[in-house]
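Data block below; observations after.
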Amino acid sequence: MSKKNNSKAEPVIYLAENSKLLTKIISSALKEKGYEIKAFDDGFSALKAIINEPPSLFIADKDLPLINGIELCKILKTGSDNTALPLILISTDDSIFDFWTTAREANRAVLIANDKIESLLSAVNDLLNTKYIDKEEFLEKKSCDDEFRLVRWLVNTMDKSDFFFNVSQNIVELYSFVKDTDYLIEKIFRMLYTACAYDGIALILDTQPSRVYISGTEFFEASVGDEFWNICHSEFESQIKKNHTITYEEKYVENVLLSRPEKNKYESYCAFSIRSGNDIIGTLHLASTRKRCFTYKLQSTIDFILPSLANLIQESLVRAELTKQEMKLRKAFSKFVPEEVINDFLNSDGEQELKNNNEKRNVVILMSDIRSFTSISEVNKPEDVVNFLNTYFTRMVDIVKKYGGTVDKFIGDAIMVLFGAPISYNDNAKRAVEAAIEMYSQLPSIPHGQLKFPEGIKFDIGIGIHSGDVIVGQIGSSDKTNYTVIGDTVNLASRLEGLTKLYGAKIIISEAVRNELKEAEEDLKLLLLDSVKVKGKKEAVYIYRVDQTVLPVAFRQAYEKGFKSYNEGAFTLAIPYFEKALELLPDDKAAMLMLERCNEFAVNKPENWDGAIALTSK
């Protein structure tokens, strides 16, 4: 080099500025400070001069002919052999600071306003008094002519730009794999292999247990792989600093290396921390059969990639944990509600959940109870009763879920089911009735186990269904709450279930449910049983019988005519119809009950008869 490299020589500053006035102002001020100045009016001339003899510092205007200041910064900092050269980017408008965000290669960006250059002089002084270390000085410097060197610098710049663009694009594409951590890690391994043709790789995540992903060791003897693993987990444990024994869960990633290494052992190794914020979430380990494989350039490239990869891995781990928790929730809730209800519940947003909390809603309530269960329990061992109930409840809940219902609670041997909460359908009543029919039809197939039945008692259930407004939501104390419903609708459903014993019906529904069935009513062949005022209610309620099999047409006609006369107070006219119904079905309790009432009321007609019988028992 010339005398300019002598420590006693004046610092040489190159100035690339196409304004003659600004060139004169800046040059004069710098010369007064004792600097030697070389001025250029375009970027290309300045670049050729730098190739021949680099200066102590370079000042370039953002806007230059041929090659502008931003392009000069990129070429010199990313493609040349002079990456430690201090660069100052200047401009006469403040858009330079917008450009600065895309020209990070410059050491400083300075605004020249009203021909005042105090900020520039200060930046020059700071940069020339800072010792810059060329981190690429270990690279081999090949002698070549100026033209070839310029071409090489330009090609290097374009290659690096393309490389980082491709890496960034690949990272963006990796976001589509965050749902599957294993596959994401495999894709990361393959991407890293394009940046660095390693011969062994391991990634260890700080999970419970610690998940280990490893690849490349299949080409080596077991001892080489064991040595690599020992180094990896020792480095991992030294970084995460746990106070407990770490267990590892290993997964081998296959077919990442494109070719078999020429050597049979590793010659170089490096490790990186994978950080999410300030927390270490894992470590990355690379090994190669080549000596000094992991140069500063290569390590800085991986350092550039790792923050984005860490975010991807962290998001994948969070999603995996959420998926795990969701599976637990599904497993727990699946015992009580159908799959589509769980899906709707999990997919609903927070606002919807809040809206659904403690609100008035129209729901259909199904109450089911085992007949004479107290008597059955008295003659059986508690464990046999519990085992039977578990079997029975399991079968009943499966049916409820099938039709979109939600088990609200078990009350001893009774089941309370909701249709319309938390998820509602436009045919809640139809679903409830069809579920009730199937529940009853499955009774013969439910095994009794060791359960014994008292004489004259068989396994049977009664089901009552009512529809109406309730308060639904989290109800309870500050320490314990349950998602449930309260209201008169619940009480009436329970009363209807109790009436199945009185009328000998398997399933009784209210008029409110019947009105919601619409076109399904004809298919279900409902029979109007009676008009009642249940205990605690002043209003009359029409109740309907639902049967698993269709009743004889003649029986239905006789009963319906008899009830019409009965309801109108013509008890004597009603008697023959109920007698006819009993001839057709002698054991029908409803017809028998109605005939008894008609015989009594024909002699002692009730006062103020409105067609509804008041029931005093539950």
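The basis for the numbers below is simple: all heavy atoms, side chains too, and nothing from hydrogens, waters or symmetry mates.
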Suppose we screen for side chain to side chain donor-acceptor pair (under 3.5 Å). Which residues come up paired with [X], at least two apart in sequence or across chains?
X: D369; answer: none
X: E321; answer: Q325
X: K381; answer: none
X: Q450; answer: none

Hey, are [X] and [Y] close enough for a salt bridge, meaning a charged N less than 4.0 Å from a carboxylate O?
X: K402; Y: E438; value: yes
X: D384; Y: K452; value: no
X: R319; Y: D180; value: no

For [X], which residues count as a side-chain contact (heavy atoms from CB on, under 4.5 Å) partner, sequence neighbours excluded?
X: I471; answer: K360, I486
X: E235; answer: S238, Q239, Y269, A271, H285
X: T500; answer: R371, E497, I508
X: E600; answer: none

**Q.** NZ or CZ of R431 within 45° of Y425 ring axis and under 6.0 Å
**A.**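 Relative to the ring axis of Y425, which defines the angle, R431 lies inside both limits.
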Which pairs would a plain distance check flag for residues 580-591, meaning a side-chain donor or acceptor within less than 3.5 Å of a matching protein atom at least two apart in sequence or in another chain?
{"from": "D588", "atom 1": "OD1", "to": "R545", "atom 2": "NH1", "distance (Å)": "2.7"}
{"from": "D588", "atom 1": "OD1", "to": "R545", "atom 2": "NH2", "distance (Å)": "3.3"}
{"from": "D588", "atom 1": "OD2", "to": "A590", "atom 2": "N", "distance (Å)": "3.4"}
{"from": "D588", "atom 1": "OD2", "to": "A591", "atom 2": "N", "distance (Å)": "2.8"}
{"from": "K589", "atom 1": "NZ", "to": "K501", "atom 2": "O", "distance (Å)": "2.8"}

Which pairs of donor and acceptor atoms, one on a side chain in residues 565-579, lie under 3.5 Å apart (sequence neighbours left out)?
{"from": "S565", "atom 1": "OG", "to": "K561", "atom 2": "O", "distance (Å)": "3.4"}
{"from": "Y566", "atom 1": "OH", "to": "R597", "atom 2": "NH1", "distance (Å)": "3.1"}
{"from": "N567", "atom 1": "ND2", "to": "G611", "atom 2": "O", "distance (Å)": "3.0"}
{"from": "E568", "atom 1": "OE2", "to": "K564", "atom 2": "NZ", "distance (Å)": "2.9"}

Q.
Suppose we screen for ring-ring contact (aromatic ring centres under 6.0 Å, His included). Which residues come up paired with Y392, at least two apart in sequence or across chains?
A.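 Counting only residues at least two positions away or on another chain, Y392 forms a ring-ring contact (aromatic ring centres under 6.0 Å, His included) with F459.
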(Q) By the salt bridge (charged side-chain N to carboxylate O under 4.0 Å, His left out) test, which pairs, at least two apart or in different chains, include something from residues 409-422? (A)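 The answer is none; no pair qualifies.
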